[in-house]
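This report refers to the structure that appears directly beneath it.
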Amino acid sequence: MTTLERSSIDLPAVLTSPTVPVLPDSILRARAALADASADYLSIPDSALVKTWLFRGIDTEDGVRYGIYRGAETVEAASAELVAALAGAPARSAATIRSAPATIARWALQGRLGALDDDVLDRVARDGEWTVRQTLAHTIAGQRSYGWFSRWWLSQPLGPGRPSRVPDEVEAESERELPSDEAEGQGSVADLSARLDAVLDEWALRFATLDEVALTATARWAGVPVEIDFRLGRWASHIAEHTVQLDKTLAWLDYQPSEVARIVRDLYGAWGRLEAQIFPVAPTGADDAAASILERMSATLISEARDVRAAASA
């Protein structure tokens, strides 16, 4: 029987396992370094940007301001190393390539959250508009829903017996199994940030090995006939859509990020572009090289951030 004649999709065990898959330690450690460095940078007031910071022992006259920009440069240098290291590696799965842009969008959003205080979460910007908490809760819930319903579509038979819509009883089941938007929105900015990472990581890992038959299987989105491939590709634009919404809400609240916070956003953007090369996993056979590059990047990022913070405090 040929691939096109298959009556069902070969579901990878990870897709239905009750155990939540986890990212490689190298990515998790690099993310921790990013968070540590960002916290150091964000502790610096704009008034300290003109203070002296020596780059390789030399006063460049750009001082602490350049020291913070160095964070993104360090990540971008590691990203260039990854391009070279992965050049001869086997191609990544189509599913991994489709979900990778979502991590670029995710880190653009995380770059904004890094500088936010909890007191902004529930402030009402305009009547009828969502708060920051509601926007983030919906973004998280939407990501979880994309995963849950795509898995349901993947479990359905191919061919004439394949459903064209989600039955009411499945919709009811999703309401029982999936957390509500209110539940997704509980906690601090840090809690919401971690929850967003967790749900995106989980479903990217669960779908990472889907084959072409799975990706071209029919599904539905907002009442429109689509394929599973479309639903994976929709992750990035959905996150970006609500990042724009967050920006609008913060503007209505007269929130103005500091110059430091704006530079740190660029750092997160650089990391998102790097991570997209290896998210959710590096190509087979290239994981050791990727891990080595990330370890060196992390050490440099933390060291320089501490040094810049010390210079800003002097």
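- Proximity of a side-chain donor or acceptor of S292 to a complementary backbone N or O of D288 within less than 3.5 Å is not detected.
- The distance from the OG1 atom of T74 to the CG atom of L267 is 9.0 Å, given to the nearest 0.5 Å.
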Test side chain to side chain contact (heavy atoms under 4.5 Å, CB included) applied to L274 and M297, step by step
CA-CA 11 Å; L274 181 153; M297 180 209 75; 4.1 Å; yes
Just do the side chain to side chain donor-acceptor pair (under 3.5 Å) check on D40 and S43 with the steps written out, would you?
CA-CA 5 Å; D40 280 340; S43 71; 5.1 Å; no
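- In this structure, CZ on F207 lies 9.5 Å from OG on S99, to the nearest 0.5 angstrom.
- Looking only at atom types and distance, the side chain of D197 has a donor-acceptor partner in the side chain of Q110 under 3.5 Å away.
- Side-chain atoms of R195 come within 3.5 Å of backbone atoms of E184 as a donor-acceptor pair (strictly under, hydrogens ignored).
- Under a hydrophobic-cluster definition in which Ile, Leu, Val, Met, Phe, Trp and Tyr are linked whenever side-chain heavy atoms come within less than 4.5 Å, directly or via other members, L158 and I228 are assigned to the same cluster.
- In this structure, the separation between OG on S258 and CD1 on I44 is 10.0 Å, given to the nearest 0.5 Å.
- Across A105 and A236, no two heavy atoms sit closer than the pair CB-O, 3.5 Å.
- Looking only at distances, no side-chain donor or acceptor of R126 sits under 3.5 Å from a matching main-chain atom of E129.
- For T218 and E227, the side-chain atoms include no donor-acceptor pair closer than 3.5 Å.
- Criterion: ILVMFWY side-chain heavy atoms under 4.5 Å apart, direct or through other members. Under it, W107 and L28 are part of a common hydrophobic cluster.
- Checking side-chain atoms of S155 against main-chain N and O of W152 turns up a donor-acceptor pair under 3.5 Å.
- Side chain to side chain, Q245 and H242 meet the donor-acceptor criterion of an N or O pair below 3.5 Å.
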Just do the side chain to side chain contact (heavy atoms under 4.5 Å, CB included) check on L49 and I68 with the steps written out, would you?
CA-CA 9 Å; L49 289 173; I68 303 175; 3.7 Å; yes
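- Side-chain atoms of S93 and T96 include a donor-acceptor pair closer than 3.5 Å.
- Residue pairs satisfying the side-chain hydrogen bond (donor to acceptor under 3.5 Å, both in side chains) criterion with at least one member in residues 48-60, sequence neighbours excluded, are listed as follows: W53-D307.
- Considering every non-hydrogen atom in both A125 and L253, the closest pair reads CA-CD2, 3.6 Å.
- Taking a cutoff of 4.0 Å between a charged side-chain nitrogen and a carboxylate oxygen, E275 and R31 qualify as a salt bridge.
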For T139 and T243, run side chain to side chain contact (heavy atoms under 4.5 Å, CB included): C-alpha distance rounded to whole Å, both residues' side-chain angles, the deciding distance at 0.1 Å, then the answer.
CA-CA 9 Å; T139 305; T243 301; over 6 Å; no
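- In this structure a side-chain-to-backbone donor-acceptor pair under 3.5 Å is missing from E304 to L301.
- No side-chain N or O of Y146 forms a donor-acceptor pair with one of R231 less than 3.5 Å apart.
- The closest donor-acceptor contact from the side chain of S237 to the backbone of R234 lies under 3.5 Å.
- A donor-acceptor pair under 3.5 Å is formed between the side chain of T135 and the backbone N or O of T131.
- Listed here is the closest heavy atom pair of S188 and L121: C-CD1, 4.0 Å.
- Considering only heavy atoms from C-beta on, D266 stays 4.5 Å or farther from R262 through its side chain.
- Taking both residues in full, the closest heavy atoms of I104 and G272 are given as CG1-O, 3.5 Å, listed atom of the first, atom of the second, then distance.
- If you check the side chains of S298 and R29, you find no donor sitting under 3.5 Å from an acceptor.
- In this structure, F149 and V166 have side chains that are in contact, with non-hydrogen atoms separated by less than 4.5 Å.
- Expressed to the nearest 0.5 Å, how far CG of L246 lies from CD of E241 amounts to 13.0 Å.
- Between V22 and L205, the shortest heavy-atom contact is C-CD1, 3.5 Å.
- Defined by atom type and a distance below 3.5 Å, a donor-acceptor pair is missing between the side-chain atoms of R92 and Q277.
- With R123 contributing its side chain and V132 its backbone, the two residues share no donor-acceptor pair below 3.5 Å.
- Salt bridge R133/D181: absent, no basic N to carboxylate O contact under 4.0 Å.
- A distance of 11.0 Å separates CG in L200 from CD1 in I140, rounded to the nearest 0.5 Å.
- Between the side chains of Q143 and W203, no donor N or O sits under 3.5 Å from an acceptor N or O.
- Between atom CG of residue L34 and atom CD1 of residue I302 there is a gap of 10.0 Å, rounded to the nearest 0.5 Å.
- For the pair Y41/R309, no side-chain contact is recorded, criterion being any heavy-atom separation below 4.5 Å from C-beta on.
- Of the possible polar contacts, none joining the D229 side chain to the L215 backbone as a donor-acceptor pair under 3.5 Å is found.
- Looking at R220, its side chain does come within 3.5 Å of a backbone N or O of S164 through a donor-acceptor pair.
- The nearest pair of heavy atoms linking I278 to A290 is CG2-CB, 4.3 Å.
- In this structure, a donor-acceptor pair under 3.5 Å is present between the side chains of Y66 and E73.
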Under the criterion side chain to side chain contact (heavy atoms under 4.5 Å, CB included), I'd like the reasoning laid out for E76 against R273: C-alpha separation, chi angles, the key distance, then a yes or no.
CA-CA 8 Å; E76 286 163 350; R273 294 188 294 274; 3.2 Å; yes
